[in-house]
Number of protein chains: 2
Amino acid sequence: MSTRVPQERRRRRPTRSGVLLSEDLIVETALRLIGEHGPEALSVRRLGAALGCDPTALYRYFHGTDDLVLAIADRIIGDAMAGFAPGDDWVASLREMALRVRAGYLAHPRAAAMAAHRVTRRRNEIRAVDTGIGLLLTAGFPPADAARLYLAFIDTVLSHAAAEAAFQALPPQQPEADRRSWRDVYQGLDPATYPSLTAVRPELPAMADSSFEQAVDLLLEALAARARARR
Amino acid sequence: MSTRVPQERRRRRPTRSGVLLSEDLIVETALRLIGEHGPEALSVRRLGAALGCDPTALYRYFHGTDDLVLAIADRIIGDAMAGFAPGDDWVASLREMALRVRAGYLAHPRAAAMAAHRVTRRRNEIRAVDTGIGLLLTAGFPPADAARLYLAFIDTVLSHAAAEAAFQALPPQQPEADRRSWRDVYQGLDPATYPSLTAVRPELPAMADSSFEQAVDLLLEALAARARARR
DNA sequence: ACATTGGGTCAACCCTGTTGACGTAAGGCG
DNA sequence: CGCCTTACGTCAACAGGGTTGACCCAATGT
């Protein structure tokens, strides 16, 4: 069963339960499964059951589990970037890309948590990379810098978004306990042992909030400064 | 076989092969297993084989796989931060903190990938937060800024390190395939559809490299600029 | 020396991904 | 229109995973 997976299939045939399979339908069903029952609910067997087909039918569409995960990741990217067009302001455009990716991840936290760290090699990802590098080229960076800086930018965005998604994907008690720990544990510390924490004590509850935008803004500041310096 | 795992065990009994089990020995063997035979070598059965005991003997020491992973993560954190002391240069010190965290994660990628997004508010972590915020306070930031900026910094470091660890923790063919994809897939693209990728084509192989230091340096640049601006 | 019980072992269960063989029906082509 | 090829859904099987309950021996406190 090491076969290739064709791009367009022509002899579509209903399954035993009457469903017409397709790559899109499989990915959508996988996303629904993960969203409803958690990442560990995604297995070939369960997915087959949810689709109303034999589990091994999926191997006609994906080489294996990993291939399916990549398709899911690319779908999330595609949904997030749908309708995005870069504007004149390259900083603002990169910022919007970041916020879109984050929103896409948070729309499917559990799926994003499992697929976030992969390079999908698929259409939506490639298009996004092209757009992002294009923005840095219009900013005046030479190609070598544009590629490397885009990588640092998108890796920061993706890993931040993945961390946020993973946090949201935890069982509901856990984020709440985590939030409390910033209030309770850190507030009762010995001032002599932890002087700096004591100095910023009133600010600690705010540390349960997301740092996504702060980090992105810092990064864009640095990029803008470097672009200015090269004029 | 229910639940309780005693902290001190007194009736230690040699296994069939003569080994005396202990929580420490199990954790060390698990880390060695991962280091020698790759991340996928960590399974209850293989760990039992490596220890020379029945796999299910481990359930006398840990409630399950998850419990074992947390014990491993605990050790990684301790090892990474051992012996760190902040110096006079706050930027350099934050940089060293970042590199230490990254090194600790990459030393045990799979365990780090599994536990990276779970927050253990333990002593080592609290001390690290105190140190980091202290560095930003000496940089001249007011408490509110120091706390928020430190959060953005450490979240970037942690999520980047987690992403790198997750990448390394994948089965050995996958990172290699991901790496190749930057060379192969992206190199043969249509110039009209992907003009920016075409423009930076010679740089694409470098995009398989890590962006960790680049991202950290950009972030530290932005922080230094803000510190300068407030004088 | 005895009773207690911690803990190592074994067998078993159900899960997982993946494969090769099989047959049926869909579509191209005469 | 009907044959022929073959795409693709199905089935059975395998190896490996985590986890459990029963078993029973020996290390320990008395």
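All of these numbers come straight from a predicted model, not from anything done at the bench. Note on naming: letters A, B, ... go to the chains in the order of the sequence lines (proteins, then strands), and numbering restarts at 1 for each one.
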*asked:* For DNA chain C, which residues of residues 45-55 of chain A approach it to below 4.0 angstrom with any heavy atom?
replied: Arg45(A), Arg46(A)
_Minimum-distance pair of heavy atoms, taken over all atoms of Ala80(B) and Gly104(B)_ = CB-CA, 3.9 Å
Side chain of [X] - closest among [options]:
| X | options | answer |
| --- | --- | --- |
| Tyr59(A) | dG8(C), dT19(D), dT18(C) | dT18(C) |
| Val44(A) | dC11(D), dT19(D), dT18(C) | dT18(C) |
| Arg13(B) | dC8(D), dG8(C), dT10(D) | dG8(C) |
| Thr65(A) | dA7(D), dT18(C), dA27(D) | dT18(C) |
| Thr56(A) | dA26(C), dT10(D), dT16(C) | dT10(D) |

Under the salt bridge (charged side-chain N to carboxylate O under 4.0 Å, His left out) rule, collect the residues that match up with [X], sequence neighbours excluded.
| X | answer |
| --- | --- |
| Arg16(B) | none |
| Asp24(B) | Arg75(B) |
| Asp217(A) | Arg95(A) |

Find the distance [X]:[atom1] to [N]:[atom2] and express it as a whole number of Å.
| X | N | atom1 | atom2 | value |
| --- | --- | --- | --- | --- |
| Glu40(A) | dT16(C) | CD | P | 11 Å |
| His63(A) | dT19(C) | NE2 | P | 10 Å |
| Leu20(A) | dC8(D) | CG | P | 12 Å |
| Phe62(A) | dG17(C) | CZ | P | 14 Å |
| Glu23(A) | dC8(D) | CD | C1' | 15 Å |
| Asp66(A) | dT16(C) | CG | P | 18 Å |
| Tyr61(B) | dT19(D) | OH | P | 18 Å |
| Arg16(A) | dA25(C) | CZ | C1' | 14 Å |

The criterion is side-chain contact (heavy atoms from CB on, under 4.5 Å); which residues satisfy it with [X], sequence neighbours excluded?
| X | value |
| --- | --- |
| Ala199(B) | Leu137(A) |
| Thr156(B) | Thr156(A), His160(A), Ala215(A), His160(B), Leu219(B) |
| Ile76(B) | Ile72(B), His108(B), Ala111(B) |
| Arg45(B) | Ser43(B), Pro55(B) |

*Hey, which of these two, Gly64(B) or Pro14(B), hits DNA chain D nearer its 5' end, going by closest nucleotide?*
Gly64(B)
*Is any N or O donor-acceptor pair between the side chain of Arg60(A) and the base of dG9(D) shorter than 3.5 Å?*
yes
_Side-chain heavy-atom pair Val27(A), Phe62(A) within 4.5 angstrom cut-off_ = yes
Identify the pairs formed between an N or O of the protein and an N or O of nucleotides 3-5 of chain C at a distance under 3.5 Å, and give each distance.
unit_1	atom_1	unit_2	atom_2	d
dT4(C)	O2	Arg11(B)	NH2	3.1
dT5(C)	O4'	Arg11(B)	NH2	3.4
dT5(C)	O2	Arg11(B)	NH1	2.1

*Between Arg32(A) and Glu28(A), does at least one N-O distance fall below 4.0 Å, as a salt bridge requires?*
no
